[in-house]
Asks: 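Before anything else, here's the structure in question.
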Amino acid sequence: MLEKTTRINYLFDFYQTLLTPKQRNYMELYYLEDYSLGEISETFDVSRQAVYDNIRRTEAMLEEYEDKLNLYEKFQERQQLIDKLQDRLKDQREVQDLLERLKELD
């Protein structure tokens, strides 16, 4: 469940401007503010079922946007490459430090 929530939060970050204000409000309250369906339904004076249906449709829309635009996938790939680069640079710095220490021993 946490993995799905994290994914939806990222998709929401990338594609929220493509949603209607109502969809954005429901998603923000449900996923970001951790409101229950009942709390959202009271806030907007609609049924829990209406809130549930809207959130599920919006999740499906976010997944469709991702299928077409791949912004989240590209973001993940960039993050992985950045992490690899940072690891390699760290290793390189350690080697340089060892070389400096060796030079100092002369």
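FYI, the numbering just counts along the sequence from 1.
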Asks: For Arg56, does the CZ atom sit with more than 12 other heavy atoms under 6.0 Å from it, leaving out its own atoms?
Replies: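 It does: Arg56 CZ has more than 12 such atoms within range.
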Asks: When you compare the side chain of Thr43 with that of Tyr26, does any pair of heavy atoms fall below 4.5 Å?
Replies: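 Side chain of Tyr26 against side chain of Thr43, heavy atoms only: no contact under 4.5 Å found.
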Asks: Check this for me, if you would: do Lys74 and Glu77 make a salt bridge, where the nitrogen-to-carboxylate-oxygen distance has to be below 4.0 angstrom?
Replies: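 Judged by the 4.0 Å cut-off on N to carboxylate O distance, Lys74 and Glu77 do not form a salt bridge.
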Asks: Heavy atoms only: give me the nearest Asn54-Lys22 pair and the separation to one decimal.
Replies: ND2-CE, 3.9 Å
Asks: Check the pair Glu39, Glu33 against side-chain contact (heavy atoms from CB on, under 4.5 Å), reporting the backbone distance first and the verdict last.
Replies: CA-CA 11 Å; Glu39 291 170 322; Glu33 301 295 329; over 6 Å; no
Asks: Please report the shortest heavy-atom distance between Leu19 and Arg24, naming the atom on each side.
Replies: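 Leu19 and Arg24 have their closest heavy atoms at O-NH1, 2.6 Å.
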Asks: Compare every heavy atom of Ile55 with every heavy atom of Tyr31, then report the nearest pair and how far apart it is.
Replies: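 The pair with the smallest heavy-atom distance is CE1-CG2, 4.2 Å.
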Asks: So, does Asn9 use its side chain to make a donor-acceptor pair with the main chain of Thr5 at under 3.5 Å?
Replies: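 Yes.
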Asks: Just how far is it from atom OH of Tyr65 to atom CG of Asn70, taken to the nearest 0.5 Å?
Replies: 15.0 Å
Asks: Determine the interplanar angle of the Tyr72 and Phe14 rings, folded into 0 to 90°, and report it as parallel if under 30°, tilted if 30 to 60°, perpendicular if over 60°.
Replies: tilted
Asks: Does CD in Glu3 sit with more than 12 non-hydrogen atoms of other residues, nucleotides or ligands closer than 6.0 Å?
Replies: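 At most 12 heavy atoms, drawn from other residues, nucleotides or ligands, come within 6.0 Å of this atom.
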Asks: Are the side chains of Ile8 and Met27 in touch, meaning some heavy atoms are under 4.5 Å apart?
Replies: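 They are in contact (side-chain heavy atoms under 4.5 Å apart), so the answer is yes.
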Asks: I'd like to know whether NZ of Lys84 has more than 12 heavy-atom contacts from other residues, nucleotides or ligands below 6.0 angstrom.
Replies: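 At most 12 heavy atoms, drawn from other residues, nucleotides or ligands, come within 6.0 Å of this atom.
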Asks: Side chains of Tyr30 and Ile40, heavy atoms from C-beta outward: is any pair under 4.5 Å?
Replies: yes
Asks: Would you say Asp34 has more than 12 foreign heavy atoms packed within less than 6.0 Å of its CG?
Replies: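 No, because the 6.0 Å sphere around CG of Asp34 holds 12 heavy atoms or fewer from other groups.
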Asks: So, using side-chain hydrogen bond (donor to acceptor under 3.5 Å, both in side chains) as the criterion, who are the partners of Asp53 when residues are at least two apart?
Replies: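 side-chain hydrogen bond (donor to acceptor under 3.5 Å, both in side chains) list for Asp53, sorted by chain: Gln49.
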Asks: Tyr10 and Phe75: ring-ring contact (aromatic ring centres under 6.0 Å, His included), yes or no, with the steps?
Replies: CA-CA 10 Å; Tyr10 273 112; Phe75 168 77; 5.4 Å; yes
Asks: Where do Tyr15 and Thr58 land on the side-chain contact (heavy atoms from CB on, under 4.5 Å) test, with the steps shown first?
Replies: CA-CA 11 Å; Tyr15 303 114; Thr58 304; over 6 Å; no
Asks: To the nearest 0.5 angstrom, please state how far the CG atom of Asp67 sits from the CD atom of Glu73.
Replies: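 It is 9.5 Å, given to the nearest 0.5 Å.
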Asks: Verify whether one side chain among Gln23 and Thr20 offers a donor that lies under 3.5 Å from an acceptor in the other.
Replies: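 Yes, Thr20 and Gln23 have a side-chain donor paired with an acceptor closer than 3.5 Å.
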Asks: Are any of the side-chain nitrogens in Glu66 or Arg7 under 4.0 Å away from the carboxylate oxygens of its partner?
Replies: no
Asks: Please tell me if the side chains of Phe44 and Val51 come closer than 4.5 Å, counting only heavy atoms from C-beta onward.
Replies: no
Asks: Enter the distance from Met61:CE to Arg57:CZ here, rounded to the nearest 0.5 Å.
Replies: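 Between atom CE of Met61 and atom CZ of Arg57 there are 9.5 Å.
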